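For clarity, every value in this text was computed on a predicted model and none was experimentally measured. Chain letters run A, B, ... following the sequence lines, proteins first and then strands; every chain starts at 1.
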Protein chains: 2
Amino acid sequence: MSLRYALIALLTGRPMTGYDISKSFSRSVSHVWHAPDSQIYPELNRMERDGLLISVEVPWGKKGTKKEYHVTDTGLADFRAWMESPLVPQRQRDPAYLKAAYFDFADPKAVREQLRQQRTYWEEQLRMLEGTRATLVDRSHPTLAARLAKLDEREAELAVRFKVYAYDGLIAHARTELAWIADGFALLDELYDS
Amino acid sequence: MSLRYALIALLTGRPMTGYDISKSFSRSVSHVWHAPDSQIYPELNRMERDGLLISVEVPWGKKGTKKEYHVTDTGLADFRAWMESPLVPQRQRDPAYLKAAYFDFADPKAVREQLRQQRTYWEEQLRMLEGTRATLVDRSHPTLAARLAKLDEREAELAVRFKVYAYDGLIAHARTELAWIADGFALLDELYDS
DNA sequence: GTCAATTAACTATGTCCATAGTTAGATTGT
DNA sequence: ACAATCTAACTATGGACATAGTTAATTGAC
């Protein structure tokens, strides 16, 4: 159900086509919530059916048209209701921890290689998160900027601070993963090399 | 596909019935990997069909029987292959971060209440993780103890250290969440109260 | 002028996962 | 004696999600 609210959240910034949304998801939104096209398009249709969004046909080139989705009052009310509803804690389901608990079943070289890949992945994540965080702070992030244009300074301040707060959480998470990976290398050195 | 390997991992400790496994999952295993009955039983059947496990009918009481699942050599080889295969990074899909990014849409009181609930949840998680970690270190954890009985001291040391390592990662994760939640309270104080 | 890349909007299939049951024998407490 | 609880092994249904396509118009590069 969270995809629905991720979509409303994104569309509060500015109206978008399914394609725009898909691109946003594969760029910055996926840091907070990942979804592929095959989930986005059907969900947009269901949301329009449920009255949370309305689509407006907009011409595109000479013959083409595209559908721009706008959040309705119902959609916004639904979003606020969800925002104030209790959070369902996520179940643990990260294969990295499962594997780590059984590293003794694998060859140390293969383990080291996996840790290197994990480190590369999280370093890249961290770099991207810090990059996006900076565009939030200086208000140059495109979707955020569109939303801020509709708000007064006090509201804009709140919107920016909470987005930065969310990114700070993601950044802390990435740093924690990297520290854990570094501990993993140290543990391998201790157990297999010396 | 990771459920399959979580099941083999668990069964390397000792043979178990589906019911034993289900109980283990709702106790300690769910820290590393969560799964309900409705996933466990069908997956055990598929794994037996695929030759990764064999089930042995064991009498239970006067008339009843139960099926005890054992890991086959094929199953163990499959597990080792998975352990050495590259890890697929998990996509971000935690509603907590999505919500945090849009806290300005919710009433500050409702936000505070959610942060309190999150804090309670993660404090409880942390308490349980630290409790289980202690039973790993002193080797009193039942499933681990069963597995250690089959290993020599060197192998046992490795098995224990990697399990503790995995739990240390989970504990660090829980602490990071708690620190982020504390930052959330501080941010609310700054933005709404003073 | 044409060819590749991009924009747009999907669909199809299968697995994963959550919620909520069911059926039946065994054990324990009173 | 019998009720409550536990052990055991499921099933049914629907939604979430991944992977991998399809079709067609538009725009930009050479």
Side-chain angles (χ1 to χ4, degrees), chain A residues 1-7 11 15-27 29-30 32-50 53 55-69 82 86-95 98 142, chain B residues 1-7 11 15-27 29-30 32-50 53 55-69 82 87-95 98:
Chain A
M1 264 301 95
S2 292
L3 171 60
R4 171 162 294 206
Y5 299 109
L7 290 170
L11 291 170
M16 287 185 182
T17 66
Y19 186 79
D20 292 335
I21 292 170
S22 167
K23 290 301 138 193
S24 272
F25 265 77
S26 59
R27 289 186 185 97
V29 180
S30 64
V32 175
W33 197 270
H34 164 81
D37 286 10
S38 61
Q39 262 189 284
I40 292 170
Y41 284 106
E43 184 63 24
L44 287 171
N45 284 324
R46 279 191 295 267
M47 289 168 76
E48 183 166 24
R49 185 202 61 199
D50 295 347
L53 304 177
S55 66
V56 177
E57 293 264 344
V58 170
W60 172 55
K62 282 155 199 158
K63 286 192 279 180
T65 59
K66 54 184 181 176
K67 275 196 282 183
E68 218 176 46
Y69 286 96
W82 176 75
L87 194 53
V88 181
Q90 285 313 96
R91 317 306 183 93
Q92 179 64 245
R93 211 173 258 140
D94 186 339
L98 174 57
Chain B
M1 265 300 95
S2 293
L3 171 60
R4 169 160 295 207
Y5 299 109
L7 291 170
L11 290 170
M16 286 185 184
T17 65
Y19 186 78
D20 293 335
I21 292 169
S22 167
K23 290 301 138 191
S24 272
F25 264 77
S26 57
R27 288 188 186 95
V29 180
S30 64
V32 174
W33 196 270
H34 165 81
D37 286 10
S38 60
Q39 262 189 285
I40 293 169
Y41 283 107
E43 185 63 22
L44 287 171
N45 284 325
R46 278 190 293 269
M47 288 167 76
E48 183 166 23
R49 185 201 62 200
D50 294 347
L53 304 177
S55 65
V56 177
E57 292 265 343
V58 169
W60 172 57
K62 283 156 199 158
K63 288 192 278 181
T65 59
K66 54 185 183 176
K67 274 196 282 182
E68 220 175 45
Y69 287 95
W82 176 74
L87 195 52
V88 181
Q90 285 313 96
R91 317 305 184 93
Q92 180 62 245
R93 212 172 258 141
D94 186 339
L98 174 57

Item to check | Gap between atom CE of B:Met16 and atom CG of B:Leu44 - 0.5 Å precision | outcome: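 Those atoms lie 11.5 Å apart.
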Checklist entry - Considering heavy-atom distances to DNA chain D, does A:Ser38 or B:Tyr19 have its closest nucleotide positioned more toward the 5' end? => result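 Taking each residue's closest nucleotide, the earlier one in sequence belongs to B:Tyr19.
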Checklist entry - 5'-most contact on DNA chain D: B:Gln39 or B:Arg93, nearest heavy atom basis? => result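 Its nucleotide being nearer the 5' end, the pick is B:Gln39.
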Next on the checklist: I want to confirm an ordering. Mapping A:Lys66 and A:Arg91 to their closest nucleotides on DNA chain C, which one lands closer to the 5' end?
Outcome noted: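 The residue whose closest nucleotide sits nearer the 5' end is A:Lys66.
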Checklist entry - Where each residue is assigned the nucleotide of DNA chain C containing its nearest heavy atom, which of B:Arg46 and B:Asp37 is assigned the position nearer the 5′ end? => result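 The 5'-side residue here is B:Arg46.
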Item to check | For chain B, the stretch of DNA chain D it reaches, first to last nucleotide, under 4.0 Å of its heavy atoms | outcome: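 That gives a stretch of D:dT7 to D:dT19.
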Next on the checklist: Donor-acceptor check, side chain of B:Glu68 to backbone of B:Val58, threshold 3.5 angstrom: yes or no?
Outcome noted: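 Checked: no pair found.
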Checklist entry - Would you say the side-chain atoms of A:Thr17 pair up with the backbone N or O of A:Lys67, donor to acceptor, closer than 3.5 Å? => result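 Side chain of A:Thr17 to backbone of A:Lys67: no pair is present.
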Under 3.5 Å, N/O pairs linking protein and nucleotides 26-29 of chain C:
from, atom 1, to, atom 2, distance (Å)
C:dA26, OP1, B:Lys62, N, 3.0
C:dA26, OP1, B:Lys63, N, 3.0
C:dA26, OP1, B:Gly64, N, 3.3

From [atom1] of [X] over to [atom2] of [N], roughly how many Å is that when rounded to an integer?
X	N	atom1	atom2	answer
A:Lys23	C:dA5	NZ	P	14 Å
B:Leu7	C:dC16	CG	C1'	14 Å
A:Asn45	C:dA12	CG	P	13 Å
A:Gln90	C:dC17	CD	P	12 Å
B:Ile40	C:dC16	CD1	P	14 Å
A:Asp20	C:dT6	CG	C1'	13 Å
A:Phe25	C:dA9	CZ	P	15 Å
A:Tyr69	C:dA9	OH	C1'	9 Å

Next on the checklist: Does B:Lys67 reach a base, just sugar-phosphate, or nothing at all? Heavy atoms under 4.0 Å.
Outcome noted: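 Here B:Lys67 touches the backbone only, sparing every base.
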Checklist entry - Residues in side-chain hydrogen bond (donor to acceptor under 3.5 Å, both in side chains) with A:Arg93, at least two apart? => result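 Scan of A:Arg93 (side-chain hydrogen bond (donor to acceptor under 3.5 Å, both in side chains), adjacent residues dropped) gives none.
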Counting C-beta onward and ignoring hydrogens, is there a side-chain heavy-atom pair between [X] and [Y] closer than 4.5 Å?
X	Y	result
B:Phe25	B:Leu7	yes
B:Glu43	B:Asn45	no
B:Ser2	B:Trp82	yes
A:Val29	A:Ile21	no
A:Ser30	B:Arg91	no

Checklist entry - Taking OP1 and OP2 of C:dA9, is either one under 4.0 Å from a side-chain nitrogen or oxygen of A:Thr17? => result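 Answer yes for this pair, as a side-chain N or O of A:Thr17 is under 4.0 Å from OP1 or OP2.
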